[in-house]
Chemist: 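Quick one: the structure is below, questions incoming.
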Amino acid sequence: MTEKLPVTEKPPAFEKPALLGKTRQELRDLAESLGRPAYTGNQLTQWLYKKRVTTFDQMTDLPSVLREQLTESFAVGRQAPLQGQESVDGTKKYLFPVAGRTVEAAYIPEEDRKTLCVSSQVGCKMGCLFCMTGKQGFQGNLTAGQIVNQILSLPEGHLLTNAVYMGMGEPLDNLDEVLKSLEILTSEWGLGWSSQRITLSSVGLLPALQEFFARSKVRFALSLHSPFDEERSSLMPVQNVHNLHEILSFLQTIQEEDARRITIEYICFDGVNDTPRHARELVKILHGLKTRVNLIHFHPIPGTPLKGSKAQAMTSLQEALATKGVPATIRRSRGEDILAACGLLSTLRR
């Protein structure tokens, strides 16, 4: 039985600009604009990202006059989740406020790691046939602060070991704010996480994908779901704009000088993309790419004819890939009973 976690009253959107989500240099510039020395920006950075304060009054090494000035003109930017649900498998889903709207984030605890599935947009423009977020449509981009807030304001935030940008939205469609959030997460002056602890998932938007590889060192996962152009187009309209061949060609080229891990995400649909023909084509198109394939269970959603592959079909696909030298794993489904599993996040109903 799923457990409903406490619900808090929905707060209003910030009426003042938030400092959370600003880089150290931006905070140094802000300090100087207020007539303070640049190192005051370094202090603000420490309080926001190292000490994780929620109010300006907690920034005790700042002059009281400055704290009053900051309180009058700015918001810290921290907002606790409005509510949460806990799955029978321990997964938790939290609802975060973002400028008058809401997004969901999923906390996935495992024995050796604690992962947060982070959202980067309210809804999504991509319109994938198998995704509830896509069914929601697009309502807006999240700021870097709203993205980072999901990590800092998570009740289990102190336990986190990993983050995956696989929640609501297409991260590369919100490139600048996503990259800024990654800078905050991985910089020594920010949260100081290793880039190896973070994975960004994308349908493969070019040239944003190229800029992502140039400006960030976090891991990358490509949502592929079919090796055939026409079939992928029917599942993912973005294929008509950003061709799979061009995306894979870029990834193969970048791997000649960039050794980071690339994962292929592959949701399995019964009789659609789980046949021996698909296995052979996957081996063909992934040849030369250092990667692994995550086979993912499809979780049925309203308004789509798709059905999830049978367990035996997924096992056969995994074995067919492995036999040809393509590592493949079947990802264990988590949080389906609270609509927190892959493809189920949505605030359309709220």
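We use all heavy atoms of the structure for the numbers below, so side chains are in, but hydrogens, waters and symmetry mates are not.
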Chemist: Please check if any side-chain donor atom of Q79 sits under 3.5 Å from a side-chain acceptor atom of S153, or the reverse.
Modeler: no
Chemist: Within the structure provided, determine whether L306 and V272 are in side-chain contact (heavy-atom separation under 4.5 Å).
Modeler: yes
Chemist: Can a donor-acceptor pair be found, under 3.5 Å and without considering hydrogens, that links the side chain of R28 to the backbone of Y39?
Modeler: no
Chemist: Mind running side-chain contact (heavy atoms from CB on, under 4.5 Å) on I330 and H297 for me, showing each step along the way?
Modeler: CA-CA 8 Å; I330 298 175; H297 294 275; 3.8 Å; yes
Chemist: Cation-pi between K125 and F138: NZ/CZ under 6.0 Å from ring centre and within 45° of the ring axis?
Modeler: yes
Chemist: Is there side-chain contact between L286 and V293, with heavy atoms separated by less than 4.5 Å?
Modeler: yes
Chemist: When you compare the side chains of S316 and Q312, does any donor N or O come within less than 3.5 Å of an acceptor on the partner?
Modeler: yes
Chemist: Hydrophobic cluster membership, with links at side-chain heavy-atom distances under 4.5 Å among I/L/V/M/F/W/Y: are M236 and L295 in one?
Modeler: yes
Chemist: Working to the nearest 0.5 Å, report the span between CG of L175 and CG of L205.
Modeler: 9.0 Å
Chemist: Test side-chain hydrogen bond (donor to acceptor under 3.5 Å, both in side chains) on T54 and Q58 and set out the steps.
Modeler: CA-CA 7 Å; T54 57; Q58 294 171 304; 3.2 Å; yes
Chemist: Are N294 and T329 close enough that a side-chain donor and a side-chain acceptor fall under 3.5 Å?
Modeler: yes
Chemist: How long is the straight-line distance from CZ of R334 back to OG1 of T115, given to the nearest 0.5 Å?
Modeler: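 CZ of R334 is found 9.0 Å from OG1 of T115.
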Chemist: Please name the pair of heavy atoms, one in A279 and one in L321, separated by the smallest distance, quoted to 0.1 Å.
Modeler: O-CD2, 3.8 Å
Chemist: Would you please say whether a donor-acceptor pair under 3.5 Å links the side chains of R24 and N42?
Modeler: no
Chemist: So, does T347 use its side chain to make a donor-acceptor pair with the main chain of T102 at under 3.5 Å?
Modeler: yes
Chemist: Report yes if the side chains of L248 and L289 come closer than 4.5 Å at any heavy-atom pair, otherwise no.
Modeler: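 Yes. Closest side-chain heavy atoms under 4.5 Å.
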Chemist: Where do Q25 and L27 land on the side-chain contact (heavy atoms from CB on, under 4.5 Å) test, with the steps shown first?
Modeler: CA-CA 5 Å; Q25 186 57 55; L27 290 168; over 6 Å; no
Chemist: For the ring pair F56 and F74, is the centre-to-centre distance below 6.0 Å?
Modeler: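 No - the distance between ring centres of F56 and F74 does not fall below the 6.0 Å cut-off.
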Chemist: Hydrophobic clusters here meaning ILVMFWY residues chained together by side-chain heavy-atom distances under 4.5 Å, can you tell me if V238 and M168 are in one?
Modeler: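 Yes, one cluster joins them.
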Chemist: Measure the spacing between CG of L172 and CD of Q210 and express it to the nearest 0.5 Å.
Modeler: 11.0 Å
Chemist: Does any donor atom in the side chain of D57 or T55 lie under 3.5 Å from an acceptor atom in the other side chain?
Modeler: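 No.
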Chemist: Using only atom types and a distance under 3.5 Å, with no angle test, would you say the side chain of H299 pairs donor to acceptor with the backbone of A341?
Modeler: no
Chemist: Tell me yes or no: between the side chains of D61 and Q43, is some donor less than 3.5 Å from an acceptor?
Modeler: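 The criterion, which ignores hydrogens and geometry beyond distance, is satisfied for Q43 and D61.
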Chemist: Determine whether the side chains of N174 and S120 contain a donor N or O and an acceptor N or O closer than 3.5 Å.
Modeler: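 No, S120 and N174 have no side-chain donor paired with an acceptor closer than 3.5 Å.
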Chemist: Find out if a path of hydrophobic residues (ILVMFWY) with successive side-chain heavy-atom gaps under 4.5 Å connects V164 to L209.
Modeler: no
Chemist: Is the count of non-hydrogen atoms from other residues, nucleotides or ligands lying under 6.0 Å from K50 atom NZ greater than 12?
Modeler: yes
Chemist: Of all the heavy-atom pairs spanning L48 and L152, show the shortest one and how long it is.
Modeler: O-CD1, 3.9 Å
Chemist: Students often mix this up, so state it plainly: with edges at 30° and 60°, are the rings of F130 and H225 parallel, tilted or perpendicular?
Modeler: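 Answer is perpendicular, since the angle exceeds 60°.
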Chemist: Side chains of E265 and S223: is there a donor and an acceptor less than 3.5 Å apart?
Modeler: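 A pair is found: one side chain offers a donor N or O, the other an acceptor, under 3.5 Å apart.
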Chemist: Please check this pair: side chain of T133 against backbone of L345, looking for a donor-acceptor N/O pair closer than 3.5 Å.
Modeler: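 Checking the backbone N and O of L345 against the side chain of T133, a donor-acceptor pair under 3.5 Å is found.
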Chemist: Could you grab the distance from atom CD1 of I147 to atom CG of L182, nearest 0.5 Å is fine?
Modeler: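 Nearest 0.5 Å value for the CD1-CG distance: 8.0 Å.
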Chemist: With a 4.5 Å cut-off on side-chain heavy atoms, are S194 and R197 touching?
Modeler: yes
Chemist: Rounded to the nearest 0.5 Å, what's the gap from NZ on K22 to OH on Y49? Could you check?
Modeler: 9.0 Å
Chemist: What is the ring orientation for H278 with F228, classed by angle as parallel under 30°, tilted 30 to 60°, or perpendicular over 60°?
Modeler: perpendicular
Chemist: With the side chain counted from C-beta on, respond yes when L251 and L222 share a heavy-atom pair under 4.5 Å apart, and no when they do not.
Modeler: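 They are in contact (side-chain heavy atoms under 4.5 Å apart), so the answer is yes.
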Chemist: Tell me, with the steps shown, if L154 and Y94 meet side-chain contact (heavy atoms from CB on, under 4.5 Å).
Modeler: CA-CA 8 Å; L154 186 80; Y94 289 102; 3.4 Å; yes
Chemist: Does a side-chain heavy-atom distance below 4.5 Å link C268 with L317?
Modeler: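 With C-beta onward as the side chain, the pair touches.
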Chemist: For the residue pair Q121 / N141, report whether a side-chain donor-acceptor contact shorter than 3.5 Å exists.
Modeler: yes
Chemist: With hydrophobic residues grouped by side-chain heavy-atom distances under 4.5 Å, do I264 and V326 end up in a single group?
Modeler: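 Hydrophobic grouping puts I264 with V326.
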Chemist: Give me the one residue out of K135, Q136, E104 that meets side chain to side chain donor-acceptor pair (under 3.5 Å) with S346.
Modeler: Q136
Chemist: Could you pull out the closest heavy-atom pair between K217 and D258, with the gap in Å?
Modeler: NZ-OD2, 4.3 Å
Chemist: Of all the heavy-atom pairs spanning I285 and Q252, show the shortest one and how long it is.
Modeler: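 Answer, listing the atom of I285 first, then Q252: O-NE2, 3.9 Å.
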Chemist: Considering non-hydrogen atoms only, spot the tightest contact between P327 and T291 and give its length.
Modeler: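 Between these two residues, the closest heavy atoms are CD-O, 3.7 Å.
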Chemist: Quick one: closest heavy-atom pair of R36 and V65, and the distance?
Modeler: NH2-CG1, 4.3 Å
Chemist: Just by distance, do the side chain of R232 and the backbone of L224 share a donor-acceptor pair under 3.5 Å?
Modeler: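 Yes, R232 side chain to L224 backbone: donor-acceptor pair under 3.5 Å.
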Chemist: Has K114 got more than 12 heavy atoms of other residues, nucleotides or ligands less than 6.0 Å from its NZ?
Modeler: yes
Chemist: As a quick check of understanding, evaluate side-chain contact (heavy atoms from CB on, under 4.5 Å) for M314 and D274, giving each step before the final call.
Modeler: CA-CA 7 Å; M314 293 185 69; D274 60 355; 6.0 Å; no
Chemist: If we count only N and O atoms by modelled type, under 3.5 Å, do the side chains of Y107 and E86 hold a donor and an acceptor together?
Modeler: no
Chemist: Any side-chain heavy atom of E231 sitting closer than 4.5 Å to one from F269?
Modeler: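 The answer is no; the side chains never approach within 4.5 Å.
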Chemist: In this structure, would V218 and M166 fall into the same cluster of hydrophobic residues linked by side-chain contacts under 4.5 Å?
Modeler: no
Chemist: Which value, rounded to the nearest 0.5 Å, describes the distance between I254 atom CD1 and I262 atom CD1?
Modeler: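 It is 8.5 Å, given to the nearest 0.5 Å.
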Chemist: Looking at S249 and H245, would you say the former's side chain and the latter's main chain have a donor-acceptor pair under 3.5 Å?
Modeler: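 Side chain of S249 to backbone of H245: no pair is present.
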Chemist: Does R67 offer a backbone N or O that forms a donor-acceptor pair with the side chain of T71 under 3.5 Å?
Modeler: yes
Chemist: Would you mind reporting whether L142 and V122 have side-chain heavy atoms less than 4.5 Å apart?
Modeler: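 A side-chain contact under 4.5 Å exists here.
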Chemist: Under 3.5 Å, is there a donor-acceptor pair linking the side chains of S233 and Q239?
Modeler: no
Chemist: Against the six-membered ring of F212, is R260 placed for a cation-pi contact (under 6.0 Å from the centre, within 45° of the normal)?
Modeler: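 Geometry flag: set, cation within 6.0 Å and 45°.
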Chemist: Under a 4.0 Å threshold between the charged nitrogen and the carboxylate oxygen, would D176 count as salt-bridged to R215?
Modeler: yes
Chemist: Does K180 pair with E26 as a salt bridge, N-O distance under 4.0 Å?
Modeler: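 Salt bridge present between K180 and E26.
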Chemist: Give me the one residue out of S202, S181, S201 that meets side chain to side chain donor-acceptor pair (under 3.5 Å) with Y165.
Modeler: S181
